[in-house]
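Counting convention: from 1, in listed order, for ligands and their atoms alike. Since this is a predicted model, take the numbers as computed values, not measurements.
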Amino acid sequence: MTDKASTRENLEALDREDCLAAFRYRFDLPNDTIYLDGNSLGAMPRSTPARIDWVVRQEWRNDLNASWWKHNWLDLPRRIGDKIARILGADEGEVIVSDSTSLNLFKLLVGALQLMAGRGTILSDSSNFPGDLYVAQSAARAQNRKLRIVAPARLVDELDEDVAVVMFSQVDFRTGRLVELRPVAEQAHAVGALVLCDLSHSAGVMPLALGHDGIDLAVGCGYKFLNGGPGAPAFMYVANRLLHSIENPIWGWLGHAETFAFEAEYRPDSSIARFLVGCPPILSLIALEEGIDLLLEADLHAVRRKSVALTSRFIDLLRQEWGDDGPEILSPLDGRRRGSQVAIRHPLASRIVRALSENGVIAEFRAPDIIRFGFAPLYVCYADIWDSSQILKRVTHQVDADRRVAPATAKV
Ligand SMILES: *Cc1c(COP(=O)(O)O)cnc(C)c1O
């Protein structure tokens, strides 16, 4: 919580002092739009179109198939992985870019279950992204194990010696609740279980220290706060200590120790490259690299400070401007326990999100009654917090008023 009442003037003053303010101009955002959905699809870095254009017109057109070597296309999954490692607090060689988050999750879960042969359970919690739970269910089924889903607050208490791997999202995609990684890793290791963390809503908006925190395995998304573009490939992390033992259950030619020997038998690469499967999407990797390079220019501690300040100011404004009949806030009120988003609940959430968008504020509806506002600190400014909260108040009152008159007019 912040102490002083917010006005547009003092929020503008924060923008003038903001050491990250210049990053906003490195993104190409539509005019008259406040984009609070960067946790779903990150904004476009200004440099991305020209870089893709170059790769298409120069490398692809002129050098054709030789580009794989001449322009190091084959190295991209690893090269970008090593850059992402810096964002995650991981070592070189522990991160690779490939496929989607869901597919990487499947590879790692099955790999973990195969490694932990005597144990029967994947443990997760009910607030986890449903897609992650589906994948876990199918991984459990493929390996003849079971998925146990518990209440979020019980996750650590439910750990026991039958748990092969505990899997959770660092930031809850609905509420923005932020999980502290290290205590979960310590408790899991105390019963001999592995820890797999989904970083889709945390990578790029806060400093991470996967190595220090003892995380074994992780996955995350390239198109959210990493600004890699629609459908950007995802990343995966395997702690060095597991790299000699964990296997990729999908034996693809690109994960082979001698990719171009085309041997009859599969032999896994000794590095994290064994988690590659097939031909990488070069244009998407190039777009992702632009997003990552831009992010690497920013101090992630400053990004986190601004993220907490933006979400705290937004929550303060909802209370300050609405008083007691404001919307229900689902996100943790303590900034230390919150990712870079604020979720509120309203029975007419979907109509409000539509009205917001007609008024230039892009937020996201999550069924049945949640509105999610994501704050990407590199391109959302403090004045946006004022403007969006004012527009939210106005359209909510309008939608509420329309609802009250709607039944009467319907009868006429
Ligand atoms: C966005 C998101 C994903 C995305 O998965 P894809 O397979 O890349 O579509 C997965 N998990 C979580 C927690 C997410 O927020």
Exercise. Are L356 and L36 side-chain neighbours, meaning at least one heavy-atom pair lies under 4.5 Å?
Worked result: no

Exercise. Are the charged groups of R148 and D160 less than 4.0 angstrom apart, N to O?
Worked result: yes

For this session: Check T101, I84, I80 against F235 for a side chain to side chain contact (heavy atoms under 4.5 Å, CB included) and give me the one that passes.
Result: I84

Problem set entry | Of Y35, F225, F314, the residue whose pairing with F375 passes ring-ring contact (aromatic ring centres under 6.0 Å, His included) | F314

Exercise. Testing I250, V277, V135 for side chain to side chain contact (heavy atoms under 4.5 Å, CB included) with L103, which one passes?
Worked result: I250

For this session: Please confirm whether A234 comes under 4.0 Å of ligand 1, counting heavy atoms of the residue only.
Result: no

Exercise. Side chain, backbone, both or neither: which part of T101 has a heavy atom under 4.0 Å from ligand 1?
Worked result: both

Problem set entry | Residue and atom name of the nearest protein heavy atom (relative to atom 15 (O) of ligand 1), distance in Å to one decimal | K224 NZ, 2.6 Å

Exercise. Using heavy atoms and a threshold below 4.0 Å, how should the contact between D132 and ligand 1 be classified: side chain, backbone, both, or neither?
Worked result: side chain

For this session: With heavy atoms of S100 as the reference, note each atom of ligand 1 found under 4.0 Å away.
Result: 7 (O), 8 (O)

Exercise. Which is it for S47 and E290 under the side chain to side chain donor-acceptor pair (under 3.5 Å) test, yes or no, and what are the steps along the way?
Worked result: CA-CA 7 Å; S47 61; E290 286 303 303; 2.6 Å; yes

For this session: Run the salt-bridge test on R403 and D400 with the 4.0 Å N-O cut-off and return the result as yes or no.
Result: yes

Exercise. Numbering the atoms of ligand 1 from 1, which are under 4.0 Å from a heavy atom of H201?
Worked result: 15 (O)

Problem set entry | Ion pair check, D402 and R351, cut-off under 4.0 Å | no

Exercise. Looking only at protein heavy atoms, which one is nearest to atom 12 (C) of ligand 1, and how far off is it?
Worked result: D198 OD2, 3.3 Å

Exercise. Can you find an N/O atom of N128 closer than 3.5 Å to an N/O atom of ligand 1?
Worked result: no

Problem set entry | Under-4.0 Å heavy-atom contact with ligand 1, by part of S102 that carries it | both

Exercise. Using heavy atoms and a threshold below 4.0 Å, how should the contact between Y223 and ligand 1 be classified: side chain, backbone, both, or neither?
Worked result: side chain

Exercise. Against heavy atoms of S169, which atoms of ligand 1 measure under 4.0 Å?
Worked result: 13 (C)

